[in-house]
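Only one structure is covered here, and it is reproduced in the block below.
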Amino acid sequence: MPHLKDAEGGYALGVPSLRSALLDWYQHHSRDLPWRHTRDPYAIWVSEIMLQQTQVATVLPYYHRWLDHLPTIQALAGAELDTVLKLWQGLGYYARARYLHCAAQQIMSEHQGQFPQNYAAVAALPGIGRSTAGAILSAAFDQAHPILDGNVKRVLSRLFALSIPPKQAETQLWVWSAQLLCPQQPRNFNQAIMDLGATICTPRQPLCHACPWQNHCRAHRYGLTQDIPRKMTSAPLPHKQIGVAVIWNNAGQILIDRRPPTGLLGGLWEFPGGKIEPRETVQECIRREIREELGIEVRVGEHLIDIDHAYSHFKVTLQVYYCHYESGTPQPLGCDAIRWVAPADLDQFPFPKANTLIIAAIRERGAPN
DNA sequence: AAGGCGTGGCG
DNA sequence: TCGCCAAGCCT
């Protein structure tokens with residue numbers, strides 16, 4: 001298959017020359033990344049999961065710390081979920097950590113503790129989709145499976161001057177990625193095309209003068225690199241007001257709860273609270289939420305801090321108040337678990353980012369009067 | 001099959 | 001301050 005057609009079917013690109021140009025470029029311009037120094041499928045798997053929707057610089061410290069604490073599939077499978085989430089704290093998209101944990105246990109029971117080497121078995125593991133399966137199998141075992149991450153989508157969209165958003169052309173992009181993939185050097189080719197997207201074919205101000213595919217690239221030829229890939233228009237994010245309670249008891253402890261095991265921030269600990277309803281004061285909201293979620297009565301005291309935070313699909317303002325426990329026995333009505341914790345022990349639990357700011361504010365303010 | 005799902009860096 | 005974007009997957 002010597003040539004590829006672009007989206008309109010009107011042009012042809014020479015596959016052998018594209019492959020060799022990219023592989024030659026990669027020989028001198030590859031990034032030195034820690035997961036490229038190993039063939040251990042576990043380490044490569046961990047890196048690929050961490051790298052989903054997350055940049056290399058963010059992943060690096062998490063990657064090293066993770067492998068220090070959980071160096072093998074067996075270690076991960078035997079760890080507590082709290083330990084796993086604590087190692088993941090701050091990386092976001094926490095389902096990734098839950099899937100890693102679950103998949104490790106699955107590998108222990110179904111694959112004798114050995115990471116599977118065939119595509120169907122790998123893609124069947126939770127958290128591993130088509131692209132991550134291809135990335136792991138090509139990186140660890142040099143198997144010829146295509147990948148399609150954000151880098152590859154952007155590179156191919158420009159190479160072929162794709163006129164619609166990549167989201168609407170997934171099938172076409174997969175075909176291009178598979179047809180371009182070099183069957184003799186799948187590991188190097190997949191790593192190379194990702195490096196090309198990360199260092200040359202960047203989202204803004206691509207460095208076309210240094211690109212091995214400059215003379216093949218339709219977007220560059222037509223002066224469209226700034227306009228491709230085309231982006232979907234998105235609605236503005238809703239903004240919610242949340243009342244949050246830092247509830248103290250007479251022993252100087254604070255009440256925290258663990259969120260339900262799935263969904264937003266699933267399995268993480270937090271300070272209890274909830275959405276402020278229309279025509280409701282923050283204080284009323286907090287008393288109501290604490291009654292509904294924990295079954296206890298509290299007195300709302302001094303204001304601690306307001307925290308603005310943006311999630312992937314909405315924004316929040318957390319209005320945080322010190323509260324005092326008054327009556328009732330705390331029960332996990334709207335959550336997974338609850339605990340009274342000394343302020344010094346809060347660090348032991350996995351909290352989402354916005355809640356770590358609350359912990360810092362508690363440390364500054366100290367206990368209420 | 002769209003929408004849910006975090007966080008940090010950038011212009 | 002704000003919106004956009006980054007090595008996607010699951011339901």
Side-chain angles (χ1 to χ4, degrees), chain A residues 31 33-36 44-63 85 88-100 102-103 122-139 145-157 165-168 170-171 173-174 177 187 190-199 201-206 226 229-239 259-268 270 307-317 350-357:
Chain A
R31 289 177 293 174
L33 303 172
W35 40 88
R36 289 182 181 168
I44 291 168
W45 170 35
V46 170
S47 78
E48 289 299 335
I49 300 300
M50 287 186 171
L51 287 162
Q52 289 171 0
Q53 305 284 190
T54 310
Q55 302 193 30
V56 167
T58 304
V59 164
L60 287 174
Y62 285 90
Y63 174 77
L85 288 173
W88 201 270
Q89 175 178 317
L91 253 190
Y93 287 133
Y94 297 92
R96 295 182 293 173
R98 302 195 302 267
Y99 292 143
L100 268 171
C102 178
V122 172
L125 295 169
I128 299 182
R130 185 173 176 184
S131 186
T132 300
I136 294 171
L137 288 171
S138 61
H145 298 282
I147 59 174
L148 191 61
D149 64 357
N151 288 311
V152 178
K153 284 180 185 172
R154 185 171 57 258
V155 168
L156 297 182
S157 295
K167 182 80 172 173
Q168 298 175 16
E170 292 266 331
T171 302
L173 287 162
W174 272 112
S177 180
R187 172 190 292 127
N190 279 343
Q191 297 300 315
I193 194 171
M194 283 192 285
D195 274 19
L196 186 66
T199 65
C201 196
T202 51
R204 289 172 303 232
Q205 310 294 333
Q226 306 283 358
R230 288 193 53 184
K231 32 192 171 284
M232 318 261 292
T233 57
S234 55
L237 304 180
H239 191 149
R259 297 175 59 86
T262 61
L264 180 69
L265 307 171
L268 276 73
E270 66 174 3
I307 294 169
D308 288 313
H309 190 75
Y311 295 98
S312 50
H313 54 303
F314 65 95
K315 301 181 198 178
V316 293
T317 299
F351 283 94
K353 169 67 177 167
N355 277 250
T356 66
L357 301 178

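Chain identifiers are assigned alphabetically (A, B, ...) following the order of the sequence lines, protein sequences preceding nucleic acid strands; residue numbering begins at 1 within each chain.
- Looking at S138(A), its side chain does come within 3.5 Å of a backbone N or O of G134(A) through a donor-acceptor pair.
- Computed from coordinates, the L237(A) CG to dT1(C) C1' distance equals 15 Å when rounded to whole Å.
- dG8(B) atom P lies 9 Å from atom CG of L91(A), rounded to whole Å.
- At least one donor-acceptor pair under 3.5 Å links the side chain of S177(A) to the backbone N or O of I147(A).
- Look at H309(A) and you won't find any side-chain N or O under 4.0 angstrom from OP1 or OP2 of dG6(B).
- When rounded to the nearest whole Å, the span between CG of L60(A) and P of dG9(B) equals 13 Å.
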Completion exercise
The contact string for nucleotides 2-9 of chain C, one letter per nucleotide 5' to 3', using protein heavy atoms under 4.0 Å with B, S and - for base, sugar-phosphate only and none, comes out as -S-SBBBS
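- Panel note: side chain R96(A), backbone I49(A); a donor-acceptor pair is recorded below 3.5 Å.
- Comparing dC4(C) with dG6(B), their C1' atoms sit 15 Å apart, to the nearest whole Å.
- Rounded to an integer number of Å, the gap from CG of L264(A) to C1' of dT11(C) is 16 Å.
- DNA chain B contains the following stems of three or more consecutive Watson-Crick or G-U pairs, with both distances under 3.5 Å: B:2-5 with C:8-11, B:7-11 with C:2-6.
- The side chain of Y62(A) contributes no N or O atom lying less than 4.0 Å from OP1 or OP2 of dT7(B).
- A donor-acceptor pair under 3.5 Å is absent between the side-chain atoms of R130(A) and the main chain of A123(A), judged by distance alone.
- Remark: the separation of the C1' atoms in dT1(C) and dG8(B) is 16 Å, to the nearest Å.
- Counting only distance, with no hydrogens or angles, the side chain of T202(A) and the backbone of T199(A) share no donor-acceptor pair below 3.5 Å.
- You'll find the ring centres of W35(A) and Y63(A) inside the 6.0 Å limit.
- As judged by a 4.0 angstrom heavy-atom cut-off over every strand, A57(A) is placed among residues making no nucleic acid contact.
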Handout entry: Criterion side-chain contact (heavy atoms from CB on, under 4.5 Å) on N151(A) and I193(A), from CA distance to verdict
Key = CA-CA 8 Å; N151(A) 288 311; I193(A) 194 171; over 6 Å; no
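- Going from atom CE of M50(A) over to atom C1' of dT7(B) covers 14 Å, rounded to whole Å.
- Only the P atoms considered, dA2(B) is 23 Å distant from dA7(C), to the nearest whole Å.
- At a threshold of 4.0 angstrom between heavy atoms, the contacts of G90(A) are confined to the sugar-phosphate backbone, with no base atom among them.
- Residue H313(A) places no side-chain N or O under 4.0 Å from the OP1 or OP2 atom of dG4(B).
- R187(A) and N190(A) form no side-chain donor-acceptor contact under 3.5 Å, judged by distance and modelled atom types alone.
- Taking atom C1' in both dC5(C) and dC5(B), the straight-line distance is 16 Å, to the nearest Å.
- Of the possible polar contacts, one joining the T54(A) side chain to the Q52(A) backbone as a donor-acceptor pair under 3.5 Å is found.
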